[in-house]
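Scroll down for the structure; my scribbles are underneath it.
Letters A, B, ... are given to chains in the order of the sequence lines, protein chains preceding strands, and every chain is numbered from 1.
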Protein chains: 2
Amino acid sequence: MSSLRDFRARHDLSMEALCARILDRHASTIRIKKPAVAIGNLARIVETTLMLANRKGFQSTSLRDLTEQSGLSMGALYAYFDSKDTLLMMILGQVVSVVEEVLGHPPEALATDPAGRLRWLLRTHLFLTETMHPWFVFAYMEAKSFPKDGRDLAVGSEMMTEGMIADALADGVSRGLFAVPDVTMTAALIKPMLQDWYVKRSKHRRRGITPDLYAEQLIAFVEAAVGLKRAG
Amino acid sequence: MSSLRDFRARHDLSMEALCARILDRHASTIRIKKPAVAIGNLARIVETTLMLANRKGFQSTSLRDLTEQSGLSMGALYAYFDSKDTLLMMILGQVVSVVEEVLGHPPEALATDPAGRLRWLLRTHLFLTETMHPWFVFAYMEAKSFPKDGRDLAVGSEMMTEGMIADALADGVSRGLFAVPDVTMTAALIKPMLQDWYVKRSKHRRRGITPDLYAEQLIAFVEAAVGLKRAG
DNA sequence: ATACAAAGCGAACGCTCGCTCTCTTTTTTT
DNA sequence: AAAAAAAGAGAGCGAGCGTTCGCTTTGTAT
């Protein structure tokens with residue numbers, strides 16, 4: 001059974017790796033020529049933005065706050081984005097892209113094992129959001145104030161992961177493994193429990209719940225709810 | 001079995017009734033002498049604030065937006081609150097107070113019926129948030145940018161309702177009705193499914209899910225998860 | 001050492017913000 | 001009808017916003 005350690009060994013989600021991909025995606029906007037410099041400073045910018053935005057909201061975070069905390073000047077910041085909204089879209093776009101990449105490819109071995117695939121989805125979702133915690137809080141909390149394309153992107157991403165859960169459920173039902181009256185509705189009920197891990201993470205941590213523990217308990221809860229008989 | 005109609009017949013949660021109580025609580029700040037005038041204008045102010053804040057966030061809603069949409073002048077607004085933060089606290093305080101009042105008093109008949117009390121809690125929570133939908137979205141989405149006392153109030157309220165769920169679960173476990181490994185954790189998993197109704201309400205509505213339907217399916221899901229055998 | 005591009009800097013701009021204050025209008029009282 | 005009290009109006013204030021731009025510093029190739 002896979003753990004958070006295993007997950008992190010399989011995926012490089014370090015700040016540098018993530019910012020390298022942001023640089024790729026926004027090469028036309030970013031005016032810095034040397035990739036090493038660009039990635040290093042992007043890392044400082046994104047890290048500071050996530051910290052400040054998660055503390056008091058992106059709208060309320062001023063670019064002057066950002067210059068003070070990041071150590072970069074106003075002019076330097078605008079070499080990396082052409083507007084505050086672009087900065088927001090850089091972060092959001094990276095979150096959406098990683099979700100698609102990580103959750104979109106379940107192990108082939110689970111292709112005919114809906115219960116295993118459901119477990120894998122829940123566990124992987126939790127480990128991903130744990131590893132990129134500030135990114136996901138940012139995407140979730142700022143979603144409603146995104147420019148329209150950003151909102152569509154976020155909603156689309158959410159619908160995609162919900163759809164993956166629904167597919168696993170439907171597969172399980174058709175194999176007689178699960179007893180679920182309405183797979184769409186059930187998937188819609190499972191999603192917020194996944195999101196709660198990162199939205200209210202400090203509460204769970206205060207109670208001593210680790211990601212592995214949360215995964216285990218959530219899986220037990222969901223499997224009971226969908227009528228799966230558990231081994232042992 | 002109680003429905004949304006029944007719920008609304010039992011509780012007066014009209015804008016006027018809610019604003020009358022805001023007036024009571026903030027009588028010292030509000031400079032308007034005649035209650036009828038004060039309540040009427042408070043209703044316009046709160047209604048407009050909720051609409052604008054839920055559309056683009058409270059921070060991004062300017063007082064000039066508020067004057068335009070409400071039809072009241074800047075000077076008039078400041079006869080009702082002494083700062084934008086006070087306006088926020090008026091709304092939040094009313095939400096918290098109503099939650100305590102409505103959820104804090106389950107029917108006496110359910111005192112020895114944990115399964116019934118759990119059903120009542122879920123249903124009542126859903127009906128309450130449905131009836132005061134914009135208020136709850138506001139409290140939930142703006143929570144992180146509240147001044148500290150506001151955040152504490154919101155967190156306290158959430159912990160209270162989670163505690164009620166946990167109590168019902170613990171009662172059920174001690175009577176041998178539920179099979180739950182950890183009541184606190186289980187309550188923490190149930191809460192976000194309740195909140196999802198109002199946070200993602202438009203998604204559910206698009207799918208044709210009514211509050212009564214959501215209540216029914218959520219209850220079925222939870223009862224299966226906690227191991228309750230259902231009649232029929 | 002020189003030349004040139006890359007990167008970084010921060011004062012200044014136009015604008016909007018929350019909030020105040022004086023003045024006018026409406027309502028109530030006499 | 002006059003006077004007093006209550007309520008509303010909206011121009012104006014200083015502060016702070018996102019963004020720009022002319023300039024300096026740093027790094028590199030000759």
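Rounded to whole Å, atom P of C:dA6 lies 16 Å from atom CG of A:N41. Going from atom OH of A:Y80 over to atom P of D:dT19 covers 18 Å, rounded to whole Å. Residue B:L77 contributes atom CG, which lies 15 Å from atom P of D:dA11 at whole-angstrom precision. In this structure, CD1 of B:I39 is placed 13 Å from P of D:dA7, rounded to the nearest angstrom. The separation between A:R44 atom CZ and C:dA7 atom C1' is 12 Å, rounded to whole Å. One atom, CD1 of A:I30, and another, P of C:dA6, lie 16 Å apart when rounded to the nearest Å.
When each of A:Y198, A:W197, A:F127 is tested with A:Y214 by the rule ring-ring contact (aromatic ring centres under 6.0 Å, His included), just one qualifies, namely A:W197.
Salt-bridge formation is detected for the pair A:R21/A:E101: a Lys NZ or Arg NE/NH1/NH2 atom is positioned less than 4.0 Å from an Asp or Glu carboxylate oxygen. In this structure, A:E162 pairs ionically with B:K203, as a charged nitrogen and a carboxylate oxygen lie closer than 4.0 Å. Using a 4.0 Å cut-off between charged side-chain N and carboxylate O, B:E142 and B:K84 make no salt bridge.
Each of B:G75 and B:P35 was assigned the nucleotide of DNA chain D with the nearest heavy atom; the assignment lying further toward the 5' end belongs to B:P35.
Remark: B:K33 pairs with no residue by the side chain to side chain donor-acceptor pair (under 3.5 Å) rule, at least two apart or across chains.
Contact detail for A:R123 and A:S2: the closest heavy-atom pair is CD-O, 3.2 Å.
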Under 3.5 Å, N/O pairs linking protein and nucleotides 14-19 of chain C:
{"residue": "C:dG18", "atom": "OP1", "partner": "B:T61", "partner atom": "O", "Å": "3.4"}
{"residue": "C:dG18", "atom": "OP1", "partner": "B:K84", "partner atom": "NZ", "Å": "2.8"}
{"residue": "C:dG18", "atom": "OP2", "partner": "B:L63", "partner atom": "N", "Å": "2.8"}
{"residue": "C:dG18", "atom": "N7", "partner": "B:R64", "partner atom": "NH1", "Å": "2.9"}
{"residue": "C:dG18", "atom": "O6", "partner": "B:R64", "partner atom": "NH2", "Å": "2.5"}
{"residue": "C:dC19", "atom": "OP2", "partner": "B:Y78", "partner atom": "OH", "Å": "2.7"}
{"residue": "C:dC19", "atom": "OP2", "partner": "B:K84", "partner atom": "N", "Å": "2.7"}
{"residue": "C:dC19", "atom": "O5'", "partner": "B:Y78", "partner atom": "OH", "Å": "3.1"}

Scan nucleotides 25-28 of chain C against the protein and return all N/O pairs shorter than 3.5 Å with their distances rounded to 0.1 Å.
{"residue": "C:dT27", "atom": "O3'", "partner": "B:K34", "partner atom": "NZ", "Å": "3.3"}

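The side-chain heavy atoms of B:H26 and B:Q94, taken from C-beta on, include no pair separated by under 4.5 Å. A 4.5 Å side-chain heavy-atom check between A:L18 and A:V46 finds every atom pair outside the cut-off.
Closest approach to the B:K33 side chain among D:dA7, C:dC9, C:dA7 is made by D:dA7 (side chain taken as heavy atoms from C-beta onward).
To the nearest 0.5 Å, the span separating CH2 on A:W135 from OG1 on A:T129 amounts to 14.5 Å.
Note on A:S73: a side-chain N or O is less than 4.0 Å away from OP1 or OP2 of C:dC9.
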